[in-house]
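Reading through the structure tokens given below for one structure.
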Amino acid sequence: MAATTSLSLLPQITPYRSHKLSNDNRLKLKCLRPRLPPPLNLNSPLSLLSSSISRHPIRAVYGGSGFFPKTNGCSNTSIRHKSVLSELPLAKADSLRPRHCVSCSLCRSRRGYSRFKTSIPSVFSDKSSFCLSKPKQCDALVPCATVGPDEPHAASTALPEGIIEKQDLDLLYSGVGGDDKELDEFLTCQLPSHPKLYRGQLKNGMRYLILPNKVPPNRFEAHMEVHVGSIDEEDDEQGIAHMIEHVAFLGSKKREKLLGTGARSNAYTDFHHTVFHIHSPTSSKDSDGDLLPYVLDALNEIAFHPKFLSSRVEKERRAILSELQMMNTIDYRVDCQLLQHLHSENKLSKRFPIGLEDQIKKWDADKIRKFHERWYFPGNATLYIVGDIDDISKTVFQIEAVFGQTGTESEAVSPSSPSAFGAMASFLVPKLSVGLGGSLSNERSSNSVEQSKIFKKERHAVRPPVKHNWSLPGSSTDEKLPQIFQHELIQNFSFNMFCKIPVSKVQTYGDLRNVLMKRIFLSALHFRINTRYKSSNPPFTSIELDHSDSGREGCTVTTLTVTAEPKNWQSAIKVAVQEVRRLKEFGVTKGELTRYMDALLKDSEHLAAMIDNVSSVDNLDFIMESDALGHTVMDQRQGHESLVTVAGTIKLEEVNFIGAKVLEFVSDYGKPTAPIPAAIVACVPRKVHIEGKGETEFTIFPSEITAAIKAGLKEPIEAEPELEVPKELLSSSQLQELWLERSPSFISLSSETNVSKIHDKETGITQCRLSNGIPVNYKISKSEARGGVMRLIVGGGRAVESSESRGAVVVGVRTLSEGGRVGNFSREQVELFCVNHLINCSLESTEEFIAMEFRFTLRDNGMRAAFQLLHMVLEHSVWLDDAFDRARQLYLSYYRSIPKSLERSTAHKLMIAMLDGDERFVEPTPKSLQNLTLQSVKDAVMNQFVGNNMEVSIVGDFSEEDIESCILDYLGTVRATGNLTSNHDEYAPVVFRPSPSDLQSQQVFLKDTDERACAYIAGPAPNRWGFTVDGKDLFESISSISTGDVPQPDTEESLTGAEGFEKDLQRKLRGHPLFFGITMGLLAEIINSRLFTTVRDSLGLTYDVSFELNLFDRLNLGWYVISVTSTPGKVHKAVDACKNVLRGLHSNKITQRELDRAKRTLLMRHEAEIKSNAYWLGLLAHLQASSVPRKDISCIKDLTLLYEAAGIEDVYLSYDQLKVDEDSLYSCIGIAGAHDDGEIVVESIEEGGSSDEGFQGVGPVGRGLKEWYGLTWPCWKNPEYGIAMEQPCSTHHPGNLKPASLQTH
């Protein structure tokens, strides 16, 4: 659960992204906003529910390093809309994790999405890893695919010199029932393969996989994976794989021709591969039907026939150099340090995909072409097609027609054969000639080596082709000293302890069983560490245990990560080591085994029921990563059935034995029998803030780190006691008493009618109102089987904070989250209640609202349990002093970190200037925090929880009878608090600073070892419903505007059709309450496209530029923001170019083609997400909210029609409401570096002064600055306006920031 302050409701589009950060969250740049630790209550430790709704049941247990949202790189890109809780901070203290980066996938960060991750607070938020297996074919099971997980690019699982941890294997299998040979034989049987997955290989060696999938309908994904990445670069080629990706992708004319069809495309590069992908409709009016051949033709040109024109090379060189500086944040540098030490023995430590600046500047087209010729050939590529495909034979024919002759003109290809590179292959296998799979006799293998000398083009048998030093038992003299990375821009202390082992393929039931046991074991650690937060001042901010496989790095890594305030670092390490030892020595309890096993199986069952709702792109990602790791690919139903089968064989002692092995590198540190850590790395600040002393030098030595670890090994430990878990939070007798006391019922929706319930047949939406004043909206949806989502929205948010209580709402929400208690139940009991019922809950605060959100399953009374929890929060929330102290300290620490972030410092300065110092749109200052009390924050929050000021919306697979029973029982029995009075509804108006002002153009300078620059440009806009900050209702003005008063399109591009019908549509649009929401969304698409074309592509001034409109619902204002990154030498020109594009829409008229493309983009998003419960939850928001009076059912029903009706003149009506003149526009440029004159310094924070002076709060978290902080909550992106999903034209999403320069300090 998180207390945040941002809702971004409009799409943002940014340039082509090609530097794809790691699949692990570690190297996904942590967004620009240092996220606060996730609060620890009401969160189900089951963050399985926080993953994408398309999760695979088996992935939910053993995960997959490849199941990570891709954020990539090219124009016309897409972002997948995650589930309603997908972005919530359930696993890490710095959560609100960013979703994307770009295609130059920076090494898989060790702090990332993982197989198992023990952290606070989620138990199952992460993936599990796999154990070494003894595969054995079972005749009764489905045979593995012909060209399957064992193909040559799969990661090796061999130990040095063939040494395998045989003792673990023997214990695993011998312990399963001892003499029960039948069970032992079963566990060695192969898992079933996906029944619908078709695999094949062309004569030229190119492999292909086809999977029919109906979600979204009439669309498909085509991904071309070329098995070459930065790891294949020579010393003078560092970054060249990424450069080729840029040049090949953006230089393709055939790809450009697809842009008008509704197709979106992108690309990314990482260590072990480069991927080009296109998301396309199955047909188009202009394509003569089937679009697949055109998409395949474009991919063929991109991968195998690019034109390395000097002009394109120079253009992309400029873009990459800009990207390199942009990505070089301190988070990126920290992650690079971790990877460098973890993989110090091989090239992974010095082959970050973005490359080296001095080399990027030198390469000519010929150098780039030679690298392409060496690696880009059919035998080194795999094509994935997943989507709404009915005829497999036809698809195979089309693949052969397009790619069959590629590579055959000048290359001889040996016949393909099944691959034999499996678990026992040596880690670095000789390269094979084109088309060879490797299943050869010794004689044949010898011939292959000889052939590889003949053929210029080679393919590595194992990806990535590196050799690791595994973490094996050894003497203390073999141990590496802890490494320390110290930098002035680091804010907090972090400690990382790594253990590195080979990847174990999950191919048998025994493998899966082993994974499940590890998952259960580490789930207990998640929860136990979480309970530490019940203390008043825990020494750590977060403790995570991450156990994950990486296809990119070719290994499995277990990481203990500890973050803490610098003053508490030693105690934090001690606690982490102590808790790991406790679990290792005493194991999980019987109650924990039962609880977490049951929760995993329930979630798996729920996901299996959703098998027909998994998106094509998520299916594809899962298959691609599974193949890279060598895991058997199963569908959701097979996965669940396999889990159920092995779950019945698991015993407590086996779980504790297998799990303990994962922890030995920590719990037995220093012992000869313990695995030697691959690396120990501490990342620390140079200076820390000491109360009463200010900034003080921070010193730390490797010996002190070692001593802290050993101190934790000596701490006394006791076995974990069993906790009593409540079966219900509200008993039937208590509920009966409430019914007698409060007599809940549905009442008339308005004084004009006696109707107590309105059901709209077209949308399936039902509206009703309870006798206590709470309005409720619900929709029965079968699209997500046996699942549901619910959201409570409370009007007010930070806007109602008085001048004497700035920060009261955001700190209050955080306090409630930190405490986690309701009624007489402890936080631990509440969390275990959520685990048992598969409930995931979050709490957020924004400028306008407080919102509480639940995701639940309808199995085993899960919906009633979620309603019980909501009832208890509303009626019996508990406010604790220690939780308040923690919340206040977190915001204080966050405030003090502003000067260490260029982006946040720059954004903050702009927001303070534009909003005239209004602290409600930034984080509270230390002075404001000091003025707060527990009572003041409680009042600030709870005073907003008034009947008609709340709205509850529910979407799910329930019956009318069940949902209305829950509504009456648990919402209807909430104490009636009366209606919100006018006094409560009043708040200090938000104003823009009077103009002109000397603060309209500002700069921020940050002292740093590396140079970077960014800038933000912003100005006023109306709110979504046509109200402006000065009180105007724009609908009154547009009704009098005639068509002739606005710019018209060129005659040749004018709208066609029946004139009368068009006028009727236009009149309906202009009179519709959603007019400005619709037209502003279209405008944003058009401006983004122009910014990319002009500032990035034509002028080469930036790698990343985006325009975002931020429209409030309750507040009578909005604003626009242009974000641009550049180099210090170009940033001023980039700002001027952005301003020219923004102001140039009248001189350079919008064309019908631009408008049509914008419409197609937004409508396509709407159509793609219409089956999502989370999307419908957004549509229902504010439907009965008294503070958003213009929202009604027509805003949902007419959405498609309104987009289609919008004309160019309508977009100009919205454009003219943006204030883009010099007196209204604000800009701030941020520059980081160490200038020779030494005058660039960090802006300091004055902790007591006026908000106009320097940085008086944390970076703004208003809608306009969401991207600057990487703060996002997908369900809040108001899908009701067709803007919550994929981004066209090169997607940008908070956290999709690409890695920057490879220089690490």
Check the pair K909 / E903 against salt bridge (charged side-chain N to carboxylate O under 4.0 Å, His left out), numbers first and verdict last.
CA-CA 10 Å; K909 197 161 190 174; E903 289 79 5; over 6 Å; no
I would like to know whether I1078 and L1199 meet side chain to side chain contact (heavy atoms under 4.5 Å, CB included); could you show each step before the answer?
CA-CA 8 Å; I1078 292 289; L1199 188 59; 3.7 Å; yes
Given L1082 and D1210, is the side chain to side chain contact (heavy atoms under 4.5 Å, CB included) satisfied, shown in steps?
CA-CA 10 Å; L1082 293 167; D1210 299 309; over 6 Å; no
Applying side chain to side chain contact (heavy atoms under 4.5 Å, CB included), run through L1213 and T1079 and close with a yes or a no.
CA-CA 8 Å; L1213 285 175; T1079 52; over 6 Å; no
Please walk me through it: do N1023 and L1115 pass side chain to side chain contact (heavy atoms under 4.5 Å, CB included)?
CA-CA 7 Å; N1023 80 354; L1115 300 176; over 6 Å; no
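One finds the CD1 atom of I1193 at 4.0 Å from the OG1 atom of T763 (value rounded to the nearest 0.5 Å). If you take OG on S1106 and CG on L1091, they are separated by 8.0 Å, rounding to the nearest 0.5 Å. To the nearest 0.5 Å, the span separating CZ on F1075 from CE on M1080 amounts to 9.0 Å. Here the CG atom belonging to L1180 is positioned 7.5 Å from the NZ atom belonging to K1191, to the nearest 0.5 angstrom. Expressed to the nearest 0.5 Å, how far NE2 of H1182 lies from SG of C1195 amounts to 11.0 Å. To the nearest 0.5 Å, atoms CG (L915) and CZ (F921) are separated by 5.5 Å.
For the pair R920 (side chain) and A799 (backbone), a donor-acceptor distance under 3.5 Å is present. In this structure a side-chain-to-backbone donor-acceptor pair under 3.5 Å is missing from E847 to G797. Y1120 places a side-chain N or O within donor-acceptor distance of the main-chain N or O of K1219, the cut-off being under 3.5 Å. Formation of a donor-acceptor pair under 3.5 Å by the R1190 side chain with backbone atoms of W1025 is found in this model. Between the side chain of S1037 and the main chain of L1034, a donor-acceptor pair closer than 3.5 Å is present. A donor-acceptor pair is defined here as one N or O able to donate and one able to accept, closer than 3.5 Å; such a pair exists between the side chain of E848 and the backbone of D1113. Side chain of S1001 to backbone of S1227: no donor-acceptor contact under 3.5 angstrom is found. Distance alone, capped at 3.5 Å, places no donor-acceptor pair between the E323 side chain and the Y1103 backbone. Counting only distance, with no hydrogens or angles, the side chain of N777 and the backbone of S953 share no donor-acceptor pair below 3.5 Å. The main-chain N or O of H1146 is found under 3.5 Å from a side-chain atom of K1149 such that the two form a donor-acceptor pair.
Residues F249 and S265 meet the side-chain proximity criterion, which asks for heavy atoms closer than 4.5 Å. Side-chain contact between L250 and R255 is present, with at least one heavy-atom pair separated by less than 4.5 Å. Side-chain contact between S1194 and H1072 is present, with heavy atoms from C-beta onward closer than 4.5 Å. Within the 4.5 Å cutoff, side-chain heavy atoms of Q1152 are placed close to those of L1155. With a 4.5 Å cut-off on side-chain heavy atoms, R264 and R219 count as touching. M914 has its side chain within reach of F992: a pair of non-hydrogen atoms, C-beta onward, lies under 4.5 Å apart. V1124 is not listed as a side-chain neighbour of L1101, based on a closest heavy-atom distance of 4.5 Å or more. Taking the side chain as every heavy atom from C-beta outward, Y1215 and I1150 never approach each other to under 4.5 Å.
Considering all non-hydrogen atoms of both residues, Q1000 and D1223 come closest at NE2-O, 2.7 Å. Closest approach of G1178 and R791 over heavy atoms only: CA-NH1, 4.0 Å. Across all non-hydrogen atoms, the minimal contact from T1093 to D1097 is O-CB, 3.3 Å. Minimum heavy-atom separation, A263 to I278: CB-CG2, 4.2 Å. Closest heavy-atom contact between L910 and C1228: CD1-N, 3.7 Å. Scanning both residues, S1126 and S322, for their nearest heavy atoms gives CA-OG, 4.0 Å.
A search for ring-ring contact (aromatic ring centres under 6.0 Å, His included) contacts involving F1027 returns nothing, not counting sequence neighbours. Residues forming a ring-ring contact (aromatic ring centres under 6.0 Å, His included) with F1076 (at least two apart in sequence, or on another chain): F1035.
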N/O donor to acceptor pairs below 3.5 angstrom from side-chain atoms of residues 1133-1144, sequence neighbours left out:
unit_1 : atom_1 : unit_2 : atom_2 : d
N1140  : ND2    : D1136  : O      : 3.3
R1143  : NE     : V1220  : O      : 2.6
R1143  : NH1    : E1222  : OE1    : 3.0
R1143  : NH2    : V1220  : O      : 3.3
R1143  : NH2    : E1222  : OE1    : 2.8

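Between Y1226 and W1119, the distance from one ring center to the other does not fall under 6.0 angstrom.
A salt bridge links E316 with R1096; the closest basic N to acidic carboxylate O contact falls under 4.0 Å.
Under 3.5 Å, the side chains of H1166 and Y1175 contain a donor-acceptor pair of N or O atoms.
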